[in-house]
Amino acid sequence: MSTTQSERLRELLEPLVTSQGLDLEEIAVDSVGRKRVLRVVVDSDSGADLDAIADVSRALSAKLDETDAMGDAAYDLEVGTPGAERLLTEHRHFVRAVDRLVKFQLTEGGELLARILKADEDGLDVEVPGVKGRKATTRRLGFPEIAKARVQVEFSRKDKTDKTDKQNMKEEEEA
């Protein structure tokens with residue numbers, strides 16, 4: 001039974017990443033010129049800060065040094081997080097994307113841009129923004145209806161917390 005290098009690396013490194021309180025999202029070995037690069041993507045429900053990334057990077061480096069998983073040739077280890085416009089592929093990704101704007105490609109064709117309100121085992125409750133002065137509408141999306149989903153970057157999002165904070169500041173100024 002032959003397994004790929006990425007699968008062998010996942011088996012070796014995933015328990016170590018998990019012990020650090022993170023999820024191993026992706027492993028890729030790429031050739032860049034004469035060098036090889038091992039890219040490891042990690043995340044958690046609360047996100048992964050720089051200290052967590054540094055800790056897991058040191059642990060992975062030590063583990064790789066004590067095994068021959070990468071062979072004798074030189075390689076660079078890069079450990080990071082999924083990034084802002086991450087592709088949502090696992091249930092935990094959708095849970096982590098609650099309150100985020102997501103572009104969905106639907107299995108029956110078409111696209112939908114909506115904010116995830118709630119994620120459960122069967123699917124998502126989403127809010128579709130209103131167009132041309134219309135109010136936003138809510139909709140239920142079952143996971144089988146979703147072909148692909150990607151988080152969208154928002155630069156000028158008006159959060160509910162922003163409105164609450166502004167209201168609280170106004171009340172304090174008036175007092």
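Please read these numbers as outputs of a predicted model, since none were measured by experiment.
- With hydrogens and angles ignored, the 3.5 Å screen pairs no side-chain donor or acceptor of E66 with any backbone N or O of K63.
- Although no hydrogens or angles enter the test, the distance criterion places a donor-acceptor pair under 3.5 Å between the side chain of D49 and the main chain of D51.
- Here R150 contributes atom CZ and E111 contributes atom CD; the two are 11.5 Å apart, rounded to the nearest 0.5 Å.
- Ion pairing between a basic and an acidic side chain is recognised when a charged N comes within 4.0 Å of a carboxylate O; R36 and D30 show no such pairing.
- With hydrophobic clusters built from ILVMFWY side chains whose heavy atoms lie under 4.5 angstrom apart, L64 shares a cluster with I53.
- The distance from the CD atom of Q20 to the OG atom of S44 is 12.0 Å, given to the nearest 0.5 Å.
- Listed for the T107 side chain is a donor-acceptor partner under 3.5 Å among the backbone atoms of P144.
- Side-chain heavy-atom separations under 4.5 angstrom define the hydrophobic clusters, and the remaining members of the one that includes L141 are L88, F94, V98, V102, F104, L106, L112, I116, L124, V126, V128, F143, I146, V151.
- Residues satisfying the side chain to side chain contact (heavy atoms under 4.5 Å, CB included) test with L113, not counting sequence neighbours, are L101, K103, Q152.
- The distance from the CD atom of Q5 to the CG atom of L12 is 11.0 Å, given to the nearest 0.5 Å.
- Residues D45 and R92 are not paired through a salt bridge, judged by the lack of any N-O separation under 4.0 Å between the basic side chain and the carboxylate.
- Checked for salt-bridge contact, E78 and R39 meet the test: a charged N lies under 4.0 Å from a carboxylate O.
- Panel note: side chain E14, backbone E11; no donor-acceptor pair is recorded below 3.5 Å.
- Cluster membership check: L24 shares its hydrophobic cluster with L22, using side-chain heavy-atom separations under 4.5 Å among Ile, Leu, Val, Met, Phe, Trp and Tyr.
- Although no hydrogens or angles enter the test, the distance criterion places a donor-acceptor pair under 3.5 Å between the side chain of R115 and the main chain of D99.
- Within the model, atoms OG of S61 and CG of L38 stand 10.0 Å from one another, a figure rounded to the nearest 0.5 Å.
- A donor-acceptor distance shorter than 3.5 angstrom exists from the side chain of D120 to the backbone of G123, with no hydrogens or angles considered.
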